[in-house]
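Along the sequence shown, the residues carry numbers beginning at 1. Whatever order the structure lists ligands and atoms in, that order sets their numbers, starting from 1. Being a predicted model, the structure only gives us computed values, none of them experimental.
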Amino acid sequence: MKDFIAIADYSPEQLQSMLDLAVELKKEWKAGGNRPLLKNKVLAMIFQKPSLRTRVSFDMAMRHLGGDALYLSPAEIGLGKREAIADIARVMSGYVDFLMARVFDHEHVVEMARWSDIPVINGLSDYNHPCQAMADALTIQEEFGNLKGLNVAYVGDGNNVAVSLLHICTRLGANFSIANPEEYDLAPRAIALARQFANESGSQINFYRDPVEAVKNAHVIYTDTWTSMGQEEETKKREKVFPPYQVNESLVAHANPNCIVMHCLPAHRGQEITDEVADGPHSRLFPQAHNRLHAQKAILVRLAGVG
Ligand code: CP
Ligand code: NVA
């Protein structure tokens, strides 16, 4: 695989092997012994939207691996406006070793990959967020050993984060339940792919409107913002629809007593998640955020073909 654009592009074996590599790299880092596997390599990071985790964890990933990273802000490149994506991709291929792009339109990162000679990593699009899903799977694996047979319940908007979580769960044999309001369903093409992956892995997929139904027996409860970047004009409308989908202590009480609660962050405390849950005993929000670093190191090393 030249690029990392979607979880769906990778087989269960490839995904598991990248997760195993992330575990190994995390162990080495903990022991104080990062290997310079990407010495003198440079990652350029193109952002059309804001970021804390993706920006800093990719930058630190490159430093840990002996390389460097360049940040290109939304104002700088004018992706598809100042310059065609195909031209940007071909220019950058002569300067740096990897591209990471956070875009509005998923097709833009796909097009970038098509025109680049170097690996392109999707740092979030309107369709999916595959780097997040790798960190999510690593976090779940650390807690429960592996994903096979676990019940993962996503509560909230059927958005980009939900799509990648659905795909990594069904690829790796976890059951996936989602509770979301009408009109905020997962993308049909994401569901079609997930059904195919579930047939292969034995996962079950369940769709609910009622969050209580979705979290019954859940080992993992996952939520995300009600309004994603690029949807800001819908904020008011969404704030009316989503309150029944808040992850609070009373919802968590319906899940497995040993469940963990996850959120890709940034969190809107008091909206999709309460302080009590975000800071409570079930929360894994911060280990999950920290795992972005280790998961992305594995993605970079694998794309470079050096580990
Ligand atoms: N979860 C995540 O991608 O966070 P950022 O938007 O801060 O990068
Ligand atoms: N669904 C959110 C995730 C942010 C990391 C968004 O796209 O804004």
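Checked against a 3.5 angstrom limit, the closest N/O atoms of R55 and ligand 1 fall outside it. The shortest N or O to N or O distance between T227 and ligand 2 is not below 3.5 Å. In terms of polar-atom proximity, defined here as any N/O pair under 3.5 Å, L124 makes no such contact with ligand 1. Looking at ligand 2, you'll find an N or O of S228 within less than 3.5 Å of one of its N or O atoms. The N/O atoms of M229, backbone and side chain alike, include one that comes under 3.5 Å of an N/O atom in ligand 2. Between K49 and ligand 2, a contact under 3.5 Å exists for no N or O pair.
More than 12 non-hydrogen atoms from other residues, nucleotides or ligands lie less than 6.0 angstrom from CD of E233. The number of heavy atoms from other shown groups lying within 6.0 Å of NZ (K148) is above 12. More than 12 heavy-atom neighbours from other residues, nucleotides or ligands sit within 6.0 angstrom of NZ on K26. Counting heavy-atom neighbours within 6.0 Å of N217 CG, excluding the residue itself, gives a total of 12 or less.
Considering only non-hydrogen protein atoms, atom 3 (O) of ligand 1 sits nearest to H129 NE2, 2.8 Å. Here the heavy atom of the protein found nearest to atom 3 (C) of ligand 2 is D224 OD2, 3.6 Å. Among protein heavy atoms, atom 2 (C) of ligand 1 sits closest to R292 NH1, 3.2 Å. Nearest protein heavy-atom neighbour of atom 7 (O) of ligand 1: L52 N, 2.6 Å.
Close approach of ligand 2 to L265 is summarised as follows: ligand atoms under 4.0 Å from at least one heavy atom of the residue are 5 (C). Near T225, with a cut-off below 4.0 Å to any heavy atom, the atoms of ligand 2 are 1 (N), 2 (C). Distances below 4.0 Å separate heavy atoms of L124 from the following atoms of ligand 2: 3 (C), 4 (C), 5 (C), 7 (O). Of all atoms in ligand 1, numbered sequentially from 1 with element shown, those under 4.0 Å from a heavy atom of C264 are 1 (N).
Expressed to the nearest 0.5 Å, how far OG1 of T225 lies from CD of Q271 amounts to 7.0 Å. Rounded to the nearest 0.5 angstrom, D185 CG and I178 CD1 are separated by 7.5 Å.
Selection from Q132, R53, R102, Q288 by nearest heavy atom to atom 6 (O) of ligand 1 gives R102.
Heavy atoms of L265 come nearer than 4.0 angstrom to ligand 1 in at least one pair.
Aromatic ring orientation, Y71 versus F47: tilted (interplanar angle from 30° to 60°). Aromatic ring pairs are classed by plane angle as parallel below 30°, tilted from 30° to 60° and perpendicular above 60°; the pair H219 and F144 is perpendicular. Using bins of under 30°, 30° to 60° and over 60° for the plane-to-plane angle, the ring pair W226/F242 lands in the parallel bin.
With a 4.0 Å heavy-atom cut-off, ligand 2 is reached by no atom of D157. Only the side chain of N160 comes within 4.0 Å of ligand 2, judged by heavy-atom distances. With a 4.0 Å heavy-atom cut-off, ligand 1 is reached by no atom of K49.
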From CA spacing to verdict: salt bridge (charged side-chain N to carboxylate O under 4.0 Å, His left out), E272, R238: CA-CA 11 Å; E272 75 271 6; R238 287 169 175 263; over 6 Å; no

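No hydrogens or angles considered: a donor-acceptor pair under 3.5 Å links the side chains of Q296 and R292.
Formation of a donor-acceptor pair under 3.5 Å by the Q141 side chain with backbone atoms of L147 is not found in this model.
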